[in-house]
Amino acid sequence: QVQLVDGGGGLVQAGGSLRLSCAASGSIFSINRMGWYRQAPGKQRELVADITSDGIINYADFVKGRFTISRDNLKNTVYLQMNSLKPEDTAVYYCNALRGNWIHWGQGTQVTVSS
């Protein structure tokens, strides 16, 4: 089993920055990939970025160099550094982990970007 605790969201003005974090515990050695999804009201959940255990990173097109995902294997934590935030980035951001054939989710953290 894997437990994910995510946080770091908040209220920020357009152009500001936030850093999200997600700490994993449990069967951490079997985690193949960790990442971030987001879901805005009335929209489906969408991939923001993810990173494999080998360090391969995938970003959504809308990131366009603004976000950076990283992983601290010693702390079993994945981060999402979000810069140049836009109002359309407003959503609940969910940490995600793939362990074998199982997908695990964090509780979600709210990111609100005001104009």
Side-chain angles (χ1 to χ4, degrees):
Q1 70 279 11
V2 173
Q3 304 290 109
L4 301 176
V5 179
D6 48 19
L11 176 63
V12 65
Q13 292 185 344
S17 299
L18 288 171
R19 189 180 75 157
L20 308 184
S21 64
C22 175
S25 62
S27 301
I28 57 177
F29 294 111
S30 61
I31 295 177
N32 305 113
R33 182 174 62 202
M34 295 185 67
W36 293 93
Y37 284 69
R38 72 184 188 185
Q39 187 167 23
K43 290 191 173 184
Q44 295 186 10
R45 191 170 300 183
E46 61 182 354
L47 173 70
V48 178
D50 58 23
I51 182 170
T52 71
S53 59
D54 296 324
I56 300 174
I57 296 174
N58 178 53
Y59 291 109
D61 289 339
F62 57 76
V63 171
K64 296 185 182 299
R66 299 182 298 123
F67 296 178
T68 302
I69 189 171
S70 61
R71 186 174 183 177
D72 186 334
N73 290 328
L74 183 61
K75 296 182 178 180
N76 303 313
T77 301
V78 65
Y79 302 93
L80 184 67
Q81 179 66 48
M82 304 186 294
N83 299 324
S84 301
L85 283 163
K86 305 175 181 179
E88 51 263 43
D89 294 319
T90 296
V92 178
Y93 286 69
Y94 296 91
C95 181
N96 166 272
L98 175 64
R99 181 180 62 88
N101 294 322
W102 297 94
I103 299 175
H104 304 268
W105 295 95
Q107 77 280 7
T109 182
Q110 176 70 48
V111 172
T112 303
V113 184
S114 62
S115 60

Would you say Asp6's side chain and Gly108's backbone share a donor-acceptor pair under 3.5 angstrom?
yes
Checking the side chain of Ser21 only, and the main-chain atoms of Tyr79 only, is there a donor and an acceptor separated by less than 3.5 Å?
no
Return the minimal non-hydrogen interatomic distance between [X] and [Y], and the atom names on each side.
X: Leu47; Y: Ala60; answer: O-CB, 3.3 Å
X: Val48; Y: Tyr37; answer: CG2-C, 4.0 Å
X: Phe67; Y: Val63; answer: N-CG1, 3.2 Å
X: Ser115; Y: Ala14; answer: CA-CB, 4.4 Å
X: Trp36; Y: Cys22; answer: CZ2-CB, 3.7 Å
X: Gln110; Y: Ala91; answer: NE2-O, 3.4 Å

Establish whether Leu20 and Ile57 are linked, either directly or via other cluster members, by ILVMFWY side-chain heavy-atom contacts under 4.5 Å.
yes
Among the clusters formed by ILVMFWY side chains lying less than 4.5 Å apart, do Ile51 and Leu98 turn up in the same one?
no
Option among Val113, Val111, Leu85, Val12 that satisfies the side-chain contact (heavy atoms from CB on, under 4.5 Å) test with Thr90
Val113
Met34 pairs by side-chain contact (heavy atoms from CB on, under 4.5 Å) with which of Thr77, Val2, Val78?
Val78
What's the spacing between [X] [atom1] and [Y] [atom2] if we round to 0.5 Å?
X: Cys95; Y: Gln107; atom1: SG; atom2: CD; value: 9.0 Å
X: Leu18; Y: Gln81; atom1: CG; atom2: CD; value: 8.5 Å
X: Asp50; Y: Asn58; atom1: CG; atom2: CG; value: 5.0 Å
X: Asn76; Y: Leu4; atom1: CG; atom2: CG; value: 11.0 Å
X: Trp102; Y: Ile31; atom1: CH2; atom2: CD1; value: 15.0 Å
X: Ile56; Y: Arg33; atom1: CD1; atom2: CZ; value: 10.5 Å

Within 6.0 Å of [atom1] in [X], more than 12 heavy atoms from elsewhere:
X: Glu88; atom1: CD; answer: yes
X: Arg66; atom1: CZ; answer: yes
X: Trp105; atom1: CH2; answer: yes

Does the side chain of Phe62 come within less than 4.5 Å of Arg38's, by heavy atoms?
yes
Ignoring hydrogens and geometry beyond distance, is a side-chain donor-acceptor pair present between Asn32 and Ser53 at under 3.5 Å?
no
Residue pairs fulfilling salt bridge (Lys or Arg N to Asp or Glu O under 4.0 Å) with at least one residue in residues 71-83, sequence neighbours excluded:
none
Apply side chain to side chain contact (heavy atoms under 4.5 Å, CB included) to Tyr94 and Val92, showing your working.
CA-CA 7 Å; Tyr94 296 91; Val92 178; 3.4 Å; yes
